[in-house]
Amino acid sequence: MITNLHNFLHQYFTLHDCDVITENKTEMTIRLTRELDQVLMNRPFYWHYMDKIGREGEPMSLYLDTSTEKKDNNKEWIHFGSPRLQQIFHHIRSNARFTILYEETSGDIKTALHPWLVTNIMVHYRGKQKKESIHSIGLQLINGVMKSDMMNHIEELSMDLRMSDYSFTISPIIKPVSGFRRIFHYLENHLLEKDMHWVKESTDALNEEIQLLDYFFHQQEENKEILEKEKERLTERLQPRIEIEMINAGLFYLTEKSSQLLKNKNISSADY
């Protein structure tokens, strides 16, 4: 699970060529590009006017606070479930579903690049209390090694859309389709092993609400249709369930050295 939302946002903005002007552990100031201004700031008339008069326009800046609790610091509090973060997730889903990247090398000696399937997955918990979590999982497509918190572990690596000179890729033994199945299977098993007390709480709340409805509509045949619709609405709101959604994924080709470092840190429950 991506527990460090701050790092996730830093990666998102820098990958989209935004300038991080100031930053500390919980706050960041980002000067947006025109593209992200149009995505996040809802100023279509401004950009239409700039285009009409032939000017470049000035993208806005974001002043974000990623603390676990809202502070009185005149910054926008961004957290799981916040509208701003949902905008970002929507943009990622719409424009960056899959990519292929290569680790940069010196370009003066032959270097083999090993394939990793890297996934960022959103888990939605539905029920009495709603919450979300993000899981970043990488799978080595040669030997099947799996690594959690993958994006944080590779953030220091220099990646490019083009392969460096004298680099070459090793063909996957595990096909990407099979790799996706392995990752989802692991994630599903992991979620089932977690504390499921919230399921009982949601089920109990749903049953109580339905019993209350039955009491009020008892022997009112003319309102039977209304009763059934209310039960459907309650079930949709309170019935416990988990929904898994792919945010984006990529095929990352890493050097043997980087792959070995990741291999030595195999996935474990402690990573989550």
Side-chain angles (χ1 to χ4, degrees), residues 1-33 35-37 39-42 58-93 95-96 99 101 103-104 116 118-125 129-138 146-160 187 190-191 194-195 245 247-250 252 254 258 261-262 264-272:
M1 178 177 66
I2 295 179
T3 54
N4 195 322
L5 178 60
H6 190 96
N7 285 352
F8 178 83
L9 291 170
H10 180 96
Q11 293 169 12
Y12 169 77
F13 287 116
T14 54
L15 283 172
H16 286 84
D17 298 321
C18 297
D19 293 326
V20 180
I21 307 302
T22 61
E23 183 176 24
N24 57 39
K25 289 184 178 181
T26 60
E27 299 175 356
M28 60 173 66
T29 301
I30 304 101
R31 181 179 293 120
L32 299 174
T33 60
E35 176 196 356
L36 282 200
D37 186 297
V39 169
L40 302 176
M41 305 311 291
N42 192 27
E58 184 67 25
M60 297 181 71
S61 294
L62 280 176
Y63 306 88
L64 302 178
D65 186 345
T66 60
S67 302
T68 55
E69 295 182 357
K70 183 176 177 57
K71 296 178 180 178
D72 186 16
N73 57 5
N74 295 320
K75 295 184 182 294
E76 179 182 349
W77 183 38
I78 185 168
H79 56 92
F80 290 110
S82 65
R84 180 72 70 199
L85 192 58
Q86 298 309 309
Q87 277 185 313
I88 291 172
F89 288 153
H90 177 75
H91 180 237
I92 293 172
R93 286 192 293 265
N95 298 279
T99 188
L101 294 174
E103 184 177 354
E104 292 182 346
W116 285 79
V118 179
T119 60
N120 292 310
I121 302 170
M122 173 78 79
V123 176
H124 303 271
Y125 294 85
Q129 293 184 344
K130 295 177 173 58
K131 67 174 184 176
E132 298 169 334
S133 63
I134 303 175
H135 300 256
S136 182
I137 302 174
M146 222 181 289
K147 187 73 189 76
S148 67
D149 206 14
M150 185 69 176
M151 292 303 295
N152 284 338
H153 286 291
I154 64 176
E155 66 176 347
E156 300 299 327
L157 301 179
S158 295
M159 308 295 295
D160 201 331
L187 182 57
H190 167 73
L191 295 174
K194 295 179 72 68
D195 180 14
E245 175 189 7
I247 300 175
N248 59 7
F252 287 24
L254 307 182
S258 297
L261 289 173
L262 289 169
N264 292 337
K265 300 176 182 179
N266 287 359
I267 199 166
S268 69
S269 58
D271 288 323
Y272 283 93

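Side chains included, hydrogens not; waters and symmetry mates left out as well; all remaining heavy atoms used. These numbers come from a predicted model, not from an experiment.
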- Note on the structure: With sequence neighbours left out, the residues meeting side-chain contact (heavy atoms from CB on, under 4.5 Å) with E23 are H6, H10, V20, M28
- With Y125, which residues qualify under ring pair (Phe, Tyr, Trp, His ring centres under 6.0 Å), at least two apart? W198
- Kindly indicate whether the side chain of M150, heavy atoms from C-beta on, has any atom under 4.5 Å from the side chain of F252. no
- With E104, which residues qualify under side-chain hydrogen bond (donor to acceptor under 3.5 Å, both in side chains), at least two apart? none
- Item | Atom pair CD (E132) and CD (Q86), whose distance is rounded to the nearest 0.5 Å | 5.0 Å
- Note on the structure: side-chain contact (heavy atoms from CB on, under 4.5 Å) filter on H90, not counting sequence neighbours, yields R93, S94
- Item | CG/N24: more than 12 non-hydrogen atoms of other groups inside 6.0 Å | yes
- Atom CD of E155 with >12 non-hydrogen neighbours under 6.0 angstrom: yes
- List in chain and number order the residues that pass side-chain contact (heavy atoms from CB on, under 4.5 Å) with S61, two or more places apart in sequence or in another chain; answer none if no residue qualifies. R31, Y63
- Rounded to the nearest 0.5 angstrom, the CE-CD1 distance for M122 and I247 is 4.5 Å
- Note on the structure: D17 and T33 have their tightest heavy-atom pair at O-CG2, 3.4 Å
- Would you call the rings of H91 and H16 parallel, tilted or perpendicular, where under 30° means parallel and over 60° means perpendicular? tilted
- Gap separating the OG1 atom of T68 from the CZ atom of F80, nearest 0.5 angstrom: 12.0 Å
- Task: Just do the side-chain contact (heavy atoms from CB on, under 4.5 Å) check on L36 and L62 with the steps written out, would you?
- Result: CA-CA 11 Å; L36 282 200; L62 280 176; over 6 Å; no
- Item | side-chain hydrogen bond (donor to acceptor under 3.5 Å, both in side chains) involving N73 - partner list, sequence neighbours excluded | E27, D65
- Query: Is the shortest heavy-atom distance from the side chain of W116 to the side chain of I154 under 4.5 Å?
  - Reply: no
- Find out whether L9 and L85 are in side-chain contact, i.e. whether some heavy atom of one side chain is under 4.5 Å from a heavy atom of the other. yes
- Message: If I take atom OG from residue S133 and atom CD1 from residue I121, how far apart are they, to the nearest 0.5 angstrom?
- Response: 10.0 Å
- Message: Is there a side-chain contact between I30 and Y12 in this structure, where contact means two heavy atoms from C-beta onward sitting under 4.5 Å apart?
- Response: no
- Closest heavy-atom pair, I78 versus L5, reported as atoms and distance to 0.1 Å, is O-CD2, 3.7 Å
- Check side-chain contact (heavy atoms from CB on, under 4.5 Å) between M60 and all other residues, then give those that pass, not counting sequence neighbours. D37, M41, R43
- Message: Going by side-chain hydrogen bond (donor to acceptor under 3.5 Å, both in side chains), name the residues that satisfy it together with T119, two or more places apart in sequence or in a different chain.
- Response: none
- Which residue pairs pass the salt bridge (charged side-chain N to carboxylate O under 4.0 Å, His left out) test when at least one of the two sits in residues 66-76, sequence neighbours left out? E76-R84
- With sequence neighbours excluded, residues passing side-chain hydrogen bond (donor to acceptor under 3.5 Å, both in side chains) with T29: T22
- Note on the structure: Output for pair (H135 NE2, D149 CG), nearest 0.5 Å, gives 11.0 Å
- Message: I'd like to know if the side chain of S148 and the backbone of I137 have a donor-acceptor N/O pair within less than 3.5 Å.
- Response: no
- Correct closest heavy-atom pair for P59 and L32 would be CB-O, 3.0 Å
- Set of ring pair (Phe, Tyr, Trp, His ring centres under 6.0 Å) partners for H79, sequence neighbours left out: W77
- Task: Would you mind reporting whether V39 and Q87 have side-chain heavy atoms less than 4.5 Å apart?
- Result: no
